[in-house]
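Structure, as structure tokens:
Remember, it's a predicted structure, so these values are computed and weren't measured experimentally. The analysis underlying the following values was restricted to heavy atoms, covering all of them including side chains, and did not include hydrogens, waters or symmetry mates. Residues: numbered from 1 along the sequence shown.
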Amino acid sequence: MSEPDPVADAARAVRSQLDRLLPADQAAAAATELDAVLRRTDRGEATGPDLLAVLRRREPTRVAALSLLRGERAAAYRPLLGAALDVGGRYVCPRISCPETGDRLDDSEPVPRCPVHGVTMLRA
């Protein structure tokens with residue numbers, strides 16, 4: 001019976017989360033890389049450094065693996081707040097004398113309409 005391998009266990013756990021951790025194209029590439037090394041692990045080869053190299057290659061997998069190896073329950077990658085995304089914002093009525101404003105929390109919400117004039121507001 002083989003002894004537990006925490007690096008291989010973490011790699012398998014991260015492998016199961018790739019679709020959530022990475023964009024589709026990166027997830028597919030990472031899965032291919034991890035699968036190749038994990039097959040060698042299953043054959044009994046010592047692959048710890050190779051697994052770690054694959055996991056370190058991408059920041060989200062590095063963070064997730066490190067969390068698992070530290071024994072933390074939830075391994076998740078969260079980008080820094082304030083990422084350069086065009087989200088939400090303040091909107092104003094295009095009529096110069098109208099004081100109405102509107103807000104959007106993110107781009108999934110519709111652009112607000114002026115409640116007075118019924119026109120689509122412009123980003124401030």
Inter- and intrachain pairs under salt bridge (charged side-chain N to carboxylate O under 4.0 Å, His left out), touching residues 23-34, at least two apart: E33-R57, E33-R58
From Y91 atom OH to T101 atom OG1, the distance as rounded to the nearest 0.5 Å: 12.5 Å
Minimal non-hydrogen separation, C114 against C98, with atom names: SG-SG, 3.8 Å
Derivation and outcome, side chain to side chain contact (heavy atoms under 4.5 Å, CB included), residues D50 and L34: CA-CA 9 Å; D50 296 336; L34 278 174; over 6 Å; no
Considering all heavy atoms, the nearest P110-R104 contact: O-CD, 3.1 Å
Cationic N near anionic O, under 4.0 Å, R12 to D35: no
Rounded distance (nearest 0.5 Å) linking atom CZ of R15 with atom CG of L55: 12.0 Å
A27 to D19 - nearest heavy-atom pair and separation: CB-OD1, 3.9 Å
Side chain to side chain contact (heavy atoms under 4.5 Å, CB included) between R62 and L66, intermediate numbers included: CA-CA 6 Å; R62 186 191 69 75; L66 184 58; 3.9 Å; yes
Gap separating the CG atom of L21 from the OG1 atom of T61, nearest 0.5 angstrom: 7.5 Å
Atom pair OG1/CZ of T47 and R40 - distance to nearest 0.5 Å: 6.0 Å
Step-by-step side chain to side chain contact (heavy atoms under 4.5 Å, CB included) determination, R90 to D103: CA-CA 5 Å; R90 170 73 43 134; D103 293 306; 2.7 Å; yes
Contact summary for L22 and P60, nearest pair of heavy atoms: CD2-CG, 3.7 Å
Residues which pass side-chain hydrogen bond (donor to acceptor under 3.5 Å, both in side chains) with R39, listed by chain and number, not counting sequence neighbours: none
Nearest heavy-atom neighbours spanning E100 and V116: CG-CG2, 3.8 Å
Close side-chain approach of L52 and L69, heavy atoms under 4.5 Å: yes
R56 side, atom CZ; L51 side, atom CG - distance, nearest 0.5 Å: 11.0 Å
Residue pair L68 / A10: nearest heavy atoms and the distance that separates them: CD1-O, 3.8 Å
Exercise: do R113 and T120 side chains pair donor with acceptor under 3.5 Å: yes
